[in-house]
Amino acid sequence: MSTSSLASAATEGSIAPITIALVGAPNCGKTALFNVLTGSKAKVANYSGVTVDKRSAPFINQSQVRILDLPGTYSLATTSPDEEVTRKVLMGEMPSESIPDAILVVADATNLRMSLRMILELKSLGLPMMVALNLNDVAVSRGMVVNEDKLSEQLGVPVVKTVAIKRRANDALLSLIKEFSQRQHRHIRPVRFAQDVPDPQQLYQRADEIISQTVSTPHRLPKWHERLDYWVLHPVAGVVILLSILFVIFQAIYAWAAPMMDGLELLVNGFGTMIASHLPEGILKSLLVDGIIAGVGSVVVFVPQIALLFLFLLILEDSGYLPRAAFLLDTLLSKVGLSGRSFIPLLSGFACAVPAVMSTRTIPNPKERFVSIAVLPMLTCSARLPIYALIIAAVIPNKSVFGLFNLQGMTLFVLYTAGIVSALFISWLMTRVGRSKSDAASFPLLMELPTYRMPNVKHIATELWSKVKAFLVRAGTVIFALSVLLWALVSFPSAPIGSTDPAINHSFAGMLGHVIEPIFSSIGFTWQMCIAMIPGLAAREVVVAALGTVYAVGNVGEEAVSHTLMPIIHNQWGLATAFSFLAFYIYAPMCLATLTVIRRETKSLPQTLAITGYLFALAYVMAWITYQVAGFIFGL
Ligand SMILES: Nc1nc2c(ncn2[C@@H]2O[C@H](COP(=O)(O)OP(=O)(O)OP(=O)(O)O)[C@@H](O)[C@H]2O)c(=O)[nH]1
Ligand SMILES: [Mg+2]
């Protein structure tokens with residue numbers, strides 16, 4: 001078919017789109033290039049295993065060309081579920097995906113030997129191929145000069161240089177794809193992989209030959225890089241560095257966010273008071289002030305803290321530090337039956353358990369994968385931050401210890417640590433049960449350490465904004481809707497004429513709260529807390545909004561004037577109740593999205609129910625112990 005007839009067939013919609021698959025080692029910039037080629041905003045980060053599933057989008061210059069992003073893999077001999085996705089797609093074994101019409105190999109220019117070995121292996125598939133020599137900026141900064149024309153000649157496929165993080169540096173690739181798609185027919189030949197896959201040793205030999213003819217300066221890491229790695233990967237100094245980084249993050253979340261939070265709180269309060277003073281008493285005023293402003297406002301004041309947490313995570317992610325922490329902790333994690341491979345999924349659990357559960361696909365050992373999924377919900381996700389921050393601000397004095405540490409920051413550190421220690425302990429316990437010898441040793445951690453890079457300010461700013469936006473959108477949609485619903489439940493039916501107790505006691509929610517209260521009274525929860533936890537089952541941070549609404553409607557007199565929760569909790573909750581509530585939220589799997597993704601990833605309802613059940617049981621028991629101990633120390 002000629003170029004013009006292909007174009008006209010495409011406009012008539014009678015031709016299937018051409019698919020070009022991005023294939024390459026982990027962390028070489030496939031997704032970053034995918035974003036350039038399609039105008040998408042898929043997640044990019046400086047560690048291996050970010051992409052764990054396939055995704056596709058139309059090529060920006062030609063909608064009949066489809067670009068397919070795949071998880072990274074070093075070879076077609078795969079070991080983990082994410083790598084398996086790539087192999088299956090390339091072999092045409094993926095039911096939902098036909099064999100791609102071409103492969104765009106994304107090669108890491110700073111690690112050409114490994115990339116060339118992969119290109120040579122992929123050539124054995126017999127599919128049309130193009131090569132993008134990515135990370136070219138880093139290669140150039142290290143003094144490497146690659147002759148792409150010679151390389152193209154040696155490999156027998158077109159080669160272009162790219163810098164995926166700079167949109168304008170990829171014009172050669174854009175033209176190459178355009179040109180390719182105009183002369184390419186849909187691929188229909190079967191793949192020839194199994195018969196003539198070359199020996200890896202031979203591939204490396206050939207790669208070395210090619211490098212000697214095409215690269216003028218061999219690649220060497222700068223001195224500072226080695227020195228930094230010496231300390232960061234040192235078994236003792238490395239752990240001290242890791243703990244210090246985490247500690248600084250928690251301190252900063254309190255110290256730096258405080259002024260912005262105070263400002264936002266003043267705004268929310270002022271807004272509530274202004275609306276209240278302009279509206280006559282009645283349902284509308286109650287809905288706006290007690291339902292919406294008290295509910296949504298209680299959550300929104302935590303935006304600065306969430307933003308700071310994500311800022312730190314993004315900087316760590318972009319700099320290349322994270323996989324080093326995984327190496328460092330490989331030995332420690334192996335003691336509890338996990339490995340360094342579980343580290344990145346566990347670490348991303350501090351942002352949100354949903355992508356973290358998905359990223360366990362990089363773990364090849366099925367048992368280790370299950371244990372990681374089962375303990376992940378205990379790690380402190382960003383949705384818990386508003387809850388912790390609220391209770392800490394309400395009951396822990398804001399003073400410094402030894403003139404250096406902030407007591408509130410330290411409490412937050414302890415809460416995060418409690419989640420980590422519990423997760424490690426439960427992993428250890430789970431892997432003890434029915435442990436088989438082959439487990440840990442059969443899947444050693446073979447992960448490429450990325451080079452350190454200066455975090456890219458633009459990338460961090462866009463990512464940060466998208467996280468904050470997601471949080472605000474949730475506040476404006478889910479939390480808003482649940483606040484209105486809860487407001488209705490706590491306001492109706494209204495109190496009978498002549499009754500003297502608070503109206504909320506007569507409402508639907510009030511009645512429900514009193515019914516549930518006996519279950520939770522032994523861990524110190526009041527009926528107001530029980531009501532707030534019900535909408536909080538959908539998503540954790542909703543409990544903060546719900547407490548805001550419940551107290552706004554339920555309180556009369558002085559405290560009703562304040563639209564923020566802290567003073568109310570400070571005055572009405574005992575220390576034992578506050579600590580018990582915190583302990584409960586370390587463990588309780590109060591997040592529908594996480595449970596749904598666990599169900600999808602484990603493909604098993606009984607396993608999902610078992611994880612949910614054990615976490616709730618643990619939450620109750622730990623809250624009970626905390627309540628008793630705190631009650632003994634501080635009084636109930
Ligand atoms: N300096 C520089 N950084 C790049 C370039 N391409 C990608 N990066 C960075 O490299 C890191 C990895 O990029 P990704 O696109 O997530 O890599 P990937 O190949 O999709 O990784 P996996 O999904 O884990 O296989 C990110 O921090 C990117 O910002 C480049 O050309 N130059
Ligand atoms: Mg990727």
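Atom set for the values below is all heavy atoms of this structure, side chains included, hydrogens, waters and symmetry mates excluded. Start at 1 and go down the list; that is how both ligands and their atoms are numbered.
- The two atoms that bring Ala109 and Met144 nearest to each other are O-CE, 3.2 Å, heavy atoms only.
- With hydrogens left out, the protein atom closest to atom 19 (O) of ligand 1 is Lys30 NZ, 2.7 Å, a heavy atom.
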Full working for side-chain contact (heavy atoms from CB on, under 4.5 Å) between Leu151 and Leu133 = CA-CA 10 Å; Leu151 188 59; Leu133 208 52; 4.1 Å; yes
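- The protein non-hydrogen atom at the shortest distance from atom 6 (N) of ligand 1 is Asn134 ND2, 3.1 Å.
- Atom 16 (O) of ligand 1 has its closest protein heavy atom at Ala45 N, 3.1 Å.
- Proximity of Val138 to ligand 1, defined as any heavy-atom pair under 4.0 Å, is confined to the side chain (atoms from C-beta onward).
- Considering only residues two or more places apart in sequence or on other chains, Thr38 meets the side chain to side chain donor-acceptor pair (under 3.5 Å) condition with Ser40.
- Salt bridge Glu463/Lys41: absent, no basic N to carboxylate O contact under 4.0 Å.
- Two residues are said to be in side-chain contact when any heavy atoms from C-beta on lie closer than 4.5 Å; Asp53 and Arg361 meet this criterion.
- Counting atoms of ligand 1 from 1 in the listed order, those under 4.0 Å from a heavy atom of Thr51 are 20 (O), 22 (P), 23 (O), 24 (O).
- Close contacts between ligand 1 and Gly72 involve ligand atoms 25 (O) [criterion: under 4.0 Å to a heavy atom].
- When each of Asn170, Leu104, Val65 is tested with Leu37 by the rule side chain to side chain contact (heavy atoms under 4.5 Å, CB included), just one qualifies, namely Leu104.
- Not a single heavy atom of Gly24 sits closer than 4.0 Å to an atom of ligand 1.
- No heavy atom of Asn456 sits closer than 4.0 Å to any atom of ligand 1.
- Residues satisfying the side chain to side chain donor-acceptor pair (under 3.5 Å) test with Gln205, not counting sequence neighbours, are none.
- Taking the side chain as every heavy atom from C-beta outward, Ser342 and Glu368 approach each other to under 4.5 Å.
- Of the protein's non-hydrogen atoms, the one nearest atom 15 (O) of ligand 1 is Ala32 N, 2.8 Å.
- Closest approach of Lys43 and Arg55 over heavy atoms only: N-NH2, 4.5 Å.
- The closest protein non-hydrogen atom to atom 17 (O) of ligand 1 is Gly29 N, 3.1 Å.
- Remark: among candidates Asp137, Val50, Thr362, Val106, the nearest residue to atom 1 (N) of ligand 1 is Asp137, based on non-hydrogen atoms.
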Checking side-chain contact (heavy atoms from CB on, under 4.5 Å) for the pair Met430/Lys367: CA distance, chi angles, key distance, verdict?
-> CA-CA 10 Å; Met430 283 186 177; Lys367 191 168 162 195; over 6 Å; no
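- Contact annotation: Arg453 has at least one heavy atom less than 4.0 Å from an atom of ligand 1.
- Of all protein heavy atoms, the one closest to atom 31 (O) of ligand 1 is Ala164 N, 2.9 Å.
- Around the Mg ion (ligand 2), protein atoms of type N, O or S found under 2.8 Å number 2.
- Remark: Asp318 pairs with His459 by the side chain to side chain donor-acceptor pair (under 3.5 Å) rule, at least two apart or across chains.
- For atom 2 (C) of ligand 1, the nearest non-hydrogen atom from the set Ile165, Thr110, Asn27, Asp53 comes from Ile165.
- Ring geometry, Phe413 versus Phe247: the interplanar angle exceeds 60°, so the pair is classed perpendicular (tilted spans 30 to 60°).
- Of the protein's non-hydrogen atoms, the one nearest atom 28 (C) of ligand 1 is Val44 CG1, 3.3 Å.
- Of all the heavy atoms of Asp318, the ones lying under 4.0 Å from any atom of ligand 1 belong exclusively to the side chain.
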Quick one: do Thr362 and Asp82 satisfy side chain to side chain donor-acceptor pair (under 3.5 Å)? Show the steps, please.
-> CA-CA 6 Å; Thr362 54; Asp82 60 329; 5.2 Å; no
